[in-house]
Protein chains: 2
Amino acid sequence: MAELDNLKKASAHAGPLPPKGSIPNISVDNLIFGLENGSLKVLLIRHNIDGKRKPWALPGGWIHFDEDLRDAAKRILHLHTGVEGVYLEQLKTFGKVDRLPFGRVATVAYYALVSTEKCPLIANDDRPDAMWCDIHDVPNLAYDHNEILDFGLKFLRHKIRHEPIGFNLLPEKFTLLELQDLYEAILDCTLDKPNFRRKMLKMKLLESCNEKQTGVAHRAANLYRFDAEAFEKLSSQGFSFEF
Amino acid sequence: MAELDNLKKASAHAGPLPPKGSIPNISVDNLIFGLENGSLKVLLIRHNIDGKRKPWALPGGWIHFDEDLRDAAKRILHLHTGVEGVYLEQLKTFGKVDRLPFGRVATVAYYALVSTEKCPLIANDDRPDAMWCDIHDVPNLAYDHNEILDFGLKFLRHKIRHEPIGFNLLPEKFTLLELQDLYEAILDCTLDKPNFRRKMLKMKLLESCNEKQTGVAHRAANLYRFDAEAFEKLSSQGFSFEF
DNA sequence: TCAAAAGTGTTTGTTATACACCCATGT
DNA sequence: ACATGGGTGTATAACAAACACTTTTGA
């Protein structure tokens with residue numbers, strides 16, 4: 001029951017619930033991206049209230065009076081995925097007058113990148129339905145959530161070319177081909193393997209784990225991890241990631 | 001008097017004024033950049049209340065209940081500069097619990113790029129002080145406004161390398177050297193003239209006005225304007241601006 | 001031994017960089 | 001005539017794209 005209360009409080013989009021202890025007129029909505037079977041997915045939830053199914057929506061919620069904006073986004077992310085410490089950035093604030101049928105609410109959208117394997121979806125009878133939805137098959141969402149998603153997707157496509165954030169969608173250790181597949185999935189293109197390799201390695205942002213893949217039916221690839229330290233160092237010297 | 005009322009309503013940072021007809025807990029703050037004598041400037045204002053001078057601050061205000069977020073930002077921009085139709089984009093929303101000493105207010109920061117020559121500052125006894133402040137000489141600002149400015153400045157430096165927005169800081173017609181000076185001012189570096197020329201012209205985003213500079217004590221340079229149409233066209237073909 | 005993916009090498013054309021140079025104009 | 005900035009040319013090095021090739025491994 002306490003959990004259900006939490007959920008109601010956490011969801012701005014179950015309806016015009018009075019947000020006790022929360023700031024009126026502002027909500028948070030999270031765009032949670034994941035990669036599954038080489039496809040880009042987004043986390044959608046759907047409430048079942050009095051046996052009635054609401055439309056699919058982005059996971060969102062209200063902001064407590066004593067809670068930083070970013071902390072509210074983290075809390076909502078954790079509530080639906082159980083993960084912490086993942087990539088989470090503010091996307092944009094959506095504030096059209098009539099974006100919700102009840103009252104005036106501006107929503108601050110955040111986007112998160114998670115590796116789906118770390119991320120078992122939390123859904124049962126007391127909680128809303130949840131699914132990883134392929135980015136190409138997104139249904140009509142509640143309110144202006146399609147608009148938020150479209151904006152976020154464009155933003156991600158641009159961002160991934162200019163900042164090394166793709167790694168957050170992969171497990172800690174990954175092969176170069178997994179990384180390439182990720183770029184191909186997000187940018188919706190095909191890339192040349194040898195050239196992709198060279199380009200990535202030349203940047204010196206990947207650190208070899210000196211470890212091989214296991215359980216593959218072909219030659220095992222070397223595993224790499226993203227070297228955040230090296231990136232900080234290079235950035236401070238004026239390096240700018242470009243893909 | 002009506003003007004003064006407007007100003008009070010428009011300024012979230014004159015103090016904890018009750019925002020009648022406005023959304024509580026959300027404000028808008030504008031980061032208005034301009035270029036003057038080859039230096040990057042930001043517009044700051046300062047209120048004089050009961051003969052007491054408040055600290056310098058970013059121009060900001062409340063959002064009316066029947067006004068889109070973006071329209072509020074436009075209104076505040078126009079109030080302080082008189083300009084309309086200039087480059088204005090959302091920067092980020094700042095929502096720390098204690099960012100203001102009175103009450104809980106999240107502020108949506110916008111940034112604008114204007115050519116200062118179009119932009120006589122509106123300031124007199126009834127209005128707040130206003131100044132174009134060199135980016136290197138910014139004083140301590142009210143509340144978290146230094147944080148907002150720092151974030152905006154970093155953002156601008158990054159953005160100008162990846163999107164053709166610099167033109168908005170120049171008059172409609174400009175020379176290649178003016179453009180180069182702009183890049184040097186914002187990126188804080190020096191650039192090679194012939195190479196800058198070629199790089200810019202090769203992108204096909206500049207349209208020659210077939211007109212020369214006037215009133216200069218040396219050979220008059222050709223004037224160019226930014227060709228927004230060409231940019232749209234190229235963008236839709238996958239072109240990505242890089243400087 | 002074959003399929004599947006790892007990983008290397010090489011060729012070719014394009015682009016960036018650095019810098020030398022000439023041109024036009026007002027004083 | 002000379003200072004000032006406008007504008008062009010060019011040699012070199014670095015890089016990107018395309019693609020042929022060898023290597024490793026499990027089935």
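Numbers restart at 1 for each chain; the letters A, B, ... are given by sequence-line order, proteins then strands. None of the values given here were measured: they were computed from a predicted structure.
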Output yes when at least one side-chain N/O atom of B:R219 is less than 4.0 Å from OP1 or OP2 of C:dC23, else no. no

[X] [atom1] to [N] [atom2]: how many Å, rounded?
| X | N | atom1 | atom2 | value |
| --- | --- | --- | --- | --- |
| A:R197 | D:dC15 | CZ | C1' | 18 Å |
| B:H218 | C:dT27 | NE2 | P | 11 Å |
| B:L201 | C:dT15 | CG | P | 15 Å |
| A:E211 | C:dA6 | CD | P | 17 Å |
| A:F196 | D:dA18 | CZ | C1' | 17 Å |

Side-chain donor or acceptor of B:R198 under 3.5 Å from a matching atom on the base of D:dG9? yes

Given C:dA5, C:dA16, C:dT8, the nucleotide with the shortest approach to the side chain of B:K199: C:dA16

The side chain of A:K212 is closest to which nucleotide in this list: C:dA6, C:dG7, D:dA16? C:dG7

Should we say atom CD of A:E229 is surrounded by more than 12 heavy atoms from elsewhere, each under 6.0 Å from it? no

Should we say atom NZ of B:K96 is surrounded by more than 12 heavy atoms from elsewhere, each under 6.0 Å from it? no

Whether B:K92 engages the ring of B:F151 as a cation-pi pair (distance to the six-membered ring centre under 6.0 angstrom, angle to the ring normal within 45°) should be assessed. yes

Rounded at 0.5 Å granularity, tell me how far OG in B:S208 sits from CG in B:L223. 8.0 Å

How about B:E242 and B:S240: does a side-chain donor come under 3.5 Å of a side-chain acceptor? yes

Mind running a 4.0 Å heavy-atom check of residues 169-195 of chain A against DNA chain C and sending the residues that fall below it, in number order? A:L177, A:K193, A:P194

Considering heavy-atom distances to DNA chain D, does B:A221 or A:A220 have its closest nucleotide positioned more toward the 5' end? B:A221

Kindly assign one of parallel, tilted or perpendicular to the pair B:F239 and B:F231, based on the angle between their ring planes and the thresholds 30° and 60°. perpendicular

